[in-house]
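The structure appears right after this line, and notes come after that.
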Amino acid sequence: MGIIAWILIGLLAGAVAKMLLPGKDPGGIIITMLIGVAGGLLGGWLGKVIFGVDSIDGFFDLSTWIAAIIGSLILLVLYRAVTGNKRTHRHA
């Protein structure tokens, strides 16, 4: 798959991960896309290591999307754990 396909899958997988795990996260669409692209790579790697399958086959393969979404969910949870709620509360 080309870089445009990876970006599109990343954007959509990251958006699905945010829909499945709603909440306030620092960062916007760029962070969502980066989490999604990295999640797709992580999901593909985990699929290969755990199940011995090549889960990143093509843009329209269901296994590609499932791997990308699962990887994105994992990275979103890790991202939230690392960043936490670091906002300072000001009292007026």
Side-chain angles (χ1 to χ4, degrees):
M1 288 190 307
I3 189 73
I4 302 290
W6 276 111
I7 291 171
L8 184 58
I9 287 174
L11 179 62
L12 295 173
V16 169
K18 277 205 174 195
M19 285 191 321
L20 294 174
L21 293 173
K24 277 247 183 207
D25 293 317
I29 192 78
I30 301 297
I31 297 298
T32 300
M33 189 167 58
L34 292 175
I35 287 174
V37 171
L41 295 172
L42 175 66
W45 179 77
L46 287 175
K48 192 174 281 192
V49 169
I50 294 172
F51 301 111
V53 297
D54 189 15
S55 55
I56 305 293
D57 290 329
F59 187 81
F60 293 106
D61 287 339
L62 183 61
S63 63
T64 299
W65 289 94
I66 291 172
I69 292 169
I70 290 173
S72 297
L73 287 169
I74 292 169
L75 289 182
L76 183 59
V77 167
L78 290 174
Y79 177 71
R80 287 180 179 177
V82 168
T83 60
N85 189 6
K86 296 183 180 182
R87 287 189 225 138
T88 57
H89 297 288
R90 295 183 186 173
H91 299 287

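Only heavy atoms go into these numbers, but all of them, side chains included; no hydrogens, no water, no symmetry mates. All residue numbers in this chain count up from 1 along the given sequence.
- For the pair I9/V37, no side-chain contact is recorded, criterion being any heavy-atom separation below 4.5 Å from C-beta on.
- Nearest heavy atoms, S72 versus A13: OG-CB, 3.7 Å.
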Next on the checklist: With side-chain contact (heavy atoms from CB on, under 4.5 Å) as the criterion, how do V16 and W65 come out once you've worked through the C-alpha distance, each side chain's angles and the decisive distance to 0.1 Å?
Outcome noted: CA-CA 10 Å; V16 169; W65 289 94; over 6 Å; no
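- Residues satisfying the side chain to side chain contact (heavy atoms under 4.5 Å, CB included) test with I66, not counting sequence neighbours, are L62, I70.
- Distance check: L76 CG to I69 CD1 gives 12.5 Å after rounding to the nearest 0.5 Å.
- Interatomic distance, I35 CD1 to L73 CG, rounded to the nearest 0.5 Å: 10.5 Å.
- Scored by the side chain to side chain contact (heavy atoms under 4.5 Å, CB included) test, L34 finds I30 as partners (sequence neighbours excluded).
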